[in-house]
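Because the structure is predicted, anything quoted here is derived from the model rather than measured. Values below: every heavy atom of this structure, side chains too, minus hydrogens, waters and symmetry copies.
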Amino acid sequence: MILPLTQINKIVDNVFSLTQKRDNNCIVILRGDLASGKTTFVKHFVKKLGLDDEVTSPTFSLQSIYSNRIFHYDVYNKSLQEFISLGLLEEFEKEGIHFVEWGDEKLEELLKSYGFEVFVLNIKKEDDKRQYTINE
């Protein structure tokens, strides 16, 4: 689905439906280049839920939590081993929706092997538009 930035809510609605089918307890891996809109997507998703939390990229903190049910991670430049050694794998056991920016295939496979509900939102920047692809 290719959308102008002004229509991001269409993909937010699609992902919202997918999270509801999973009882709002799942992991969404966000993949895309720098400035493709991963954090912007999470901002709009949190807004759709009616939450007032300020959403920022958790680049330096690695994790942000919004209203105790939305978890937001940024694992840019973190290896799978670093992610595990930081204790972040256990965080996925908390009930809620977990958004992981920069999660790679190794992390995806590991999470699925542990039985977590995981899907991927790929975001490709195309000038003032974004191409969104969901892999369930």
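Note that CD1 of I8 is 8.5 Å distant from CG of L3, once rounded to the nearest 0.5 Å. Separating the SG atom in C26 from the CZ atom in F116 is a distance of 11.5 Å, to the nearest 0.5 Å. With values rounded to the nearest 0.5 angstrom, L89 atom CG is found 5.5 Å from I84 atom CD1. Considering CG of N77 and CH2 of W102, their distance stands at 8.5 Å, rounded to 0.5 Å. Atoms CD1 and NE2, from I70 and H72 in turn, are 10.5 Å apart once rounded to the nearest 0.5 Å. One distance of note links NZ of K125 with CD of Q131; it measures 14.5 Å at 0.5 Å rounding.
Judged purely by atom type and a 3.5 angstrom limit, K38 has no side-chain atom pairing as donor or acceptor with the backbone of S57. Between the R130 side chain and the L5 main chain, no donor and acceptor come within less than 3.5 Å of each other. Judged by distance alone, the side chain of K43 and the main-chain N or O of T56 form no donor-acceptor pair under 3.5 Å. Counting only distance, with no hydrogens or angles, the side chain of D104 and the backbone of L107 share a donor-acceptor pair below 3.5 Å.
Taken together through direct or relayed side-chain contacts under 4.5 Å among Ile, Leu, Val, Met, Phe, Trp and Tyr, Y114 and L86 form part of one hydrophobic cluster. Under the 4.5 Å side-chain heavy-atom criterion for Ile, Leu, Val, Met, Phe, Trp and Tyr, Y132 and I29 are members of distinct hydrophobic clusters. The hydrophobic clustering, which links ILVMFWY residues whose side-chain heavy atoms are closer than 4.5 Å, places I27 and L18 apart. Residues V28 and L51 are members of one and the same hydrophobic cluster, defined by side-chain heavy-atom contacts under 4.5 angstrom among Ile, Leu, Val, Met, Phe, Trp and Tyr. Side-chain heavy atoms closer than 4.5 Å link hydrophobic residues (I, L, V, M, F, W, Y) into clusters, and following such links, even through other members, never connects V100 to Y66.
Between V42 and L30, some side-chain heavy-atom pair lies under the 4.5 Å cut-off. Annotation: side chain of L121 is in contact with side chain of I11 (closest heavy-atom distance under 4.5 Å). Counting only heavy atoms from C-beta outward, the side chains of I134 and V120 never approach each other to under 4.5 Å. A 4.5 Å side-chain heavy-atom check between Q63 and I65 finds at least one atom pair inside the cut-off. K47 has its side chain out of reach of D52: every pair of non-hydrogen atoms, C-beta onward, lies at least 4.5 Å apart.
Under 4.0 Å is where a charged nitrogen must lie from a carboxylate oxygen, and between E108 and R31 at least one such pair does. Ionic pairing of E136 and R22 is present here: one or more N-O contacts between side-chain nitrogen and carboxylate oxygen are shorter than 4.0 angstrom.
A centroid separation of 6.0 Å or more is found between the aromatic rings of F71 and F99.
With sequence neighbours left out, the salt bridge (charged side-chain N to carboxylate O under 4.0 Å, His left out) criterion links R69 to no other residue. Under the rule for a salt bridge (charged side-chain N to carboxylate O under 4.0 Å, His left out), E95 has no partner lying at least two apart in sequence or in another chain. Taking E93 as the reference, nothing meets the salt bridge (charged side-chain N to carboxylate O under 4.0 Å, His left out) condition, with sequence neighbours excluded. Residues satisfying the salt bridge (charged side-chain N to carboxylate O under 4.0 Å, His left out) criterion with D53, sequence neighbours excluded, are absent altogether. Scored by the ring pair (Phe, Tyr, Trp, His ring centres under 6.0 Å) test, Y73 finds F92, H98 as partners (sequence neighbours excluded).
The two residues P4 and K129 have their closest heavy-atom pair at CA-CG, 3.8 Å. Closest non-hydrogen pair, V15 versus F45, comes out as CG1-CE1, 4.0 Å.
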Handout entry: Check against side chain to side chain contact (heavy atoms under 4.5 Å, CB included), F119 and N135
Key = CA-CA 6 Å; F119 64 94; N135 298 333; over 6 Å; no
Exercise for the section: Decide side chain to side chain contact (heavy atoms under 4.5 Å, CB included) for N9 and K48; before the verdict, give the C-alpha distance in whole Å, the side-chain angles of both, and the deciding distance to 0.1 Å. Expected result: CA-CA 8 Å; N9 287 332; K48 176 174 181 61; 5.9 Å; no
Practice task
Mind running side chain to side chain contact (heavy atoms under 4.5 Å, CB included) on I97 and N25 for me, showing each step along the way?
Solution key: CA-CA 5 Å; I97 302 169; N25 195 29; over 6 Å; no
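Sorted by first then second residue, the salt bridge (charged side-chain N to carboxylate O under 4.0 Å, His left out) pairs that include residues 74-91, not counting sequence neighbours, are E91-K94.
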